[in-house]
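A quick write-up on the structure given underneath.
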Amino acid sequence: MGSLPVTGENQGTAAEREWMELKNISSQEVSLSGWRILDVHGNINIAFGSGDRLASGGFYLLSRGGEAVSGSISDKAYTGTLPNTGDDLAIMDGACVASDVLAAGSGWPGGSNKTKQTLERMPDLGWQTSADPGGTPRGQNSQGQSTAGLPRNATATYPVNVMIAGDAGGKVVLPSGDACLENCTDPYRAGTVLNFSAVPGPDESFTGWTGACSGTEKCSFLLNGSTSIGAVFHVLADQESVIPGDVPDIVPIVPDLFTATTSVSEGSLATDTAQITQPKMPGLFIAAVQIAGASSSDDFVKIYNASPETVDIAGWHLRKKASTGNVSSLREFPEGASVSPKSFFVWASSINGFAASLGADVSSTGSLAINNSVALFDASGTEIDALAWGSGTDQYGNGSPYPENPSPGEILLRKMDQGAVVDTRDNASDFFIQNQTP
């Protein structure tokens, strides 16, 4: 929220001298090439280059306009302002994976605009107000502080959902050392680095992580919010014939804004595996819809390819019906558009730069609202999937519409069971509302 004025400087000028600082808490130097710091509105968009590096235990100082901070020369200048009311910030690595997130859109968890005491990190990675005005640029943060009278150990906890696809004894070893043999959900403290290991059964192989992790090595991440990971196991070829009726291995559906975050409430998952259908060809589903976020125009639709093959969607249409039943096009997908296996394709509203901040695949000035519905059509005009919510007129959709309208920040999210997409052809049964705000 700006800095203390130096000699001869007025309060207004000093207030514009905002800054932020990174610290490398790993044991190795980090190249920041390709990394970015973003906020959810697109106001902050800081790009790092090939020469930007951060030593182990070192600090990296960024200042608005490149101004010196308390006599310290900044490493990088940036444009844009940090709202006094709060903001959602993330630092993304070169693969566009969130390394850290500050979810403060509803208000900063510390700091003082009046005294210019900074918002700073505690050793346990919680947040606090700095002991002294002006903070500690290029130095260690205050010790023993707390935020809003809370004790130092009163950091938030978030659930981590572990989902296992496969049916031959594969397991995930949790940070506690316990084994998760099917779907598990456990709470962990925010700011904790969590490690999960996949151990295949005797008749299967581990093919990789989904959700917050990828690849086949140990799954390790810093917890900043409700998170889902999936471990996908495949039965070895000579054993497949002895497991009739095996549920198809379809990766979990995980919404992704800064970080992959899915908190599944009790009872939100289908329990009757007979409800799980084989993916309809070409295996594309509407996976998630948001009709408002921080702004009423923060709208998106996520499409998920559950099939094992890339699907060409050039010429396909995403359409909506307003509450009155009027039909309009959200977007026709361009030449070359496709969805890889077990991947998402995202449309988002371009209003106020929302689509750009989300990294959407396609965008338009279209919007979604209460009592609307959306449908996905292929290039021949055949309806592939549809979702309705609320009580609009002549809605698109399958079966009954989802009975509630999501509130701002909430997402209509498709259910899954044992890693498989739930598709009973009934929107009221196949979806649930997920609140994205911790």
Side-chain angles (χ1 to χ4, degrees), residues 250 252-255 268-270 275-292 298-307 311-334 337-339 342-349 360-364 366-406 410-417 420-434:
I250 302 175
I253 293 175
V254 181
S268 65
L269 302 183
Q275 293 179 336
I276 311 301
T277 64
Q278 294 287 341
K280 58 186 182 302
M281 293 305 294
L284 266 62
F285 297 85
I286 292 175
V289 170
Q290 177 174 287
I291 67 172
D298 289 355
D299 307 335
F300 68 73
V301 177
K302 283 194 172 187
I303 298 164
Y304 176 65
N305 179 8
S307 77
V311 178
D312 180 0
I313 56 172
W316 289 39
H317 267 92
L318 186 63
R319 297 191 175 101
K320 81 160 189 177
K321 282 189 179 182
S323 59
T324 59
N326 291 334
V327 177
S328 60
S329 175
L330 289 174
R331 181 64 196 263
E332 179 179 345
F333 301 149
S338 64
V339 195
K342 312 298 188 290
S343 298
F344 296 100
F345 187 89
V346 181
W347 167 86
S349 171
D361 298 285
V362 293
S363 64
S364 68
S367 61
L368 299 172
I370 61 172
N371 304 320
N372 282 189
S373 57
V374 293
L376 176 66
F377 294 87
D378 67 14
S380 70
T382 301
E383 182 179 303
I384 302 301
D385 201 13
L387 170 62
W389 56 92
S391 55
T393 300
D394 188 28
Q395 291 176 299
Y396 291 128
N398 298 317
S400 302
Y402 190 82
E404 301 175 30
N405 286 296
E410 293 182 335
I411 293 176
L412 266 173
L413 189 65
R414 187 178 284 273
K415 296 177 183 178
M416 62 185 184
D417 191 340
V421 172
V422 173
D423 184 30
T424 68
R425 312 303 292 167
D426 181 71
N427 293 160
S429 300
D430 293 349
F431 286 81
F432 69 100
I433 285 182
Q434 165 66 44

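In this chain, residues are counted from 1 in sequence order. Atoms considered below: every heavy atom in the structure, side chains included; atoms not considered: hydrogens, waters and symmetry mates.
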**OP:** Taking the side chain as every heavy atom from C-beta outward, state whether Phe285 and Val422 have any pair of such atoms under 4.5 Å apart.
**Re:** no

Subject >> Nearest heavy-atom neighbours spanning Gln395 and Asn372 >> reply: NE2-O, 3.2 Å

Subject >> Flag, side chain of Asp430 to backbone of Arg414, donor-acceptor distance under 3.5 Å >> reply: no

Original post:
Hey, what do you get for CD1 (Ile291) to CZ (Phe300), rounding to the nearest 0.5 Å?
Top reply: 11.5 Å

Subject >> From OG (Ser328) to CG (Leu318), nearest 0.5 Å >> reply: 10.0 Å

Original post:
Sub-3.5 Å donor-acceptor pair from the side chain of Asp426 to the main-chain atoms of Gly399, do we have one?
Top reply: no

Original post:
Can you name the closest pair of heavy atoms from Asp361 and Val346 and give their distance?
Top reply: OD2-N, 2.7 Å

Subject >> Polar side-chain atom of Ser364 near backbone of Leu330 as donor-acceptor pair, under 3.5 Å >> reply: yes

Original post:
Is there side-chain contact between Val362 and Phe333, with heavy atoms separated by less than 4.5 Å?
Top reply: yes

Original post:
So how far is it from Trp389 CH2 to Phe431 CZ, rounded to the nearest 0.5 Å?
Top reply: 9.5 Å

Subject >> Exam field: side chain Gln290 to backbone Asp298, donor-acceptor pair closer than 3.5 Å >> reply: yes

**OP:** Could you tell me whether a side-chain N or O of Asp299 sits under 3.5 Å from a main-chain N or O of Ala369, the two making a donor and an acceptor?
**Re:** no

Original post:
Looking at Ser373 and Tyr396, what are the two nearest heavy atoms and their distance?
Top reply: OG-N, 3.0 Å

Original post:
Counting distance only, does the side-chain N/O of Asn427 pair as donor-acceptor with the main-chain N or O of Asn398 below 3.5 Å?
Top reply: yes

Subject >> Test salt bridge (Lys or Arg N to Asp or Glu O under 4.0 Å) applied to Arg425 and Asp385, step by step >> reply: CA-CA 9 Å; Arg425 312 303 292 167; Asp385 201 13; 3.7 Å; yes

**OP:** Mind running side-chain contact (heavy atoms from CB on, under 4.5 Å) on Trp347 and Val374 for me, showing each step along the way?
**Re:** CA-CA 12 Å; Trp347 167 86; Val374 293; over 6 Å; no

Subject >> Closest non-hydrogen atom pair between Phe377 and Gly381, with its separation >> reply: CD2-O, 3.4 Å

Original post:
Okay, side chain of Asn371, backbone of Ser391: is any donor-acceptor separation there less than 3.5 Å?
Top reply: yes

Subject >> Note, Tyr304 side chain near Lys342 side chain (heavy atom, < 4.5 Å) >> reply: yes

Subject >> Reported CD1-to-CG distance for the pair Ile433 and Leu412, which is rounded to 0.5 angstrom >> reply: 5.0 Å

Original post:
Within the side chain of Lys321, is there an N or O that forms a donor-acceptor pair under 3.5 Å with the backbone of Thr393?
Top reply: no

Original post:
If you measure from CD on Glu383 to NE2 on His317, what distance do you get to the nearest 0.5 Å?
Top reply: 14.0 Å

Original post:
Do you know which two heavy atoms are closest between Lys320 and Leu368, and how far apart they sit?
Top reply: CD-CD2, 4.0 Å

Original post:
Nearest 0.5 Å, what's the CD1-CG distance between Ile384 and Asp378?
Top reply: 4.5 Å

Subject >> Heavy-atom check, side chain of Phe345 versus side chain of Leu284, under 4.5 Å >> reply: no

Original post:
Of the non-hydrogen atoms in Ala288 and Leu413, which two are nearest, and what is the gap between them?
Top reply: CB-CD1, 3.9 Å

Subject >> Worked check of side chain to side chain donor-acceptor pair (under 3.5 Å) between Asn326 and Thr324 >> reply: CA-CA 6 Å; Asn326 291 334; Thr324 59; 3.2 Å; yes

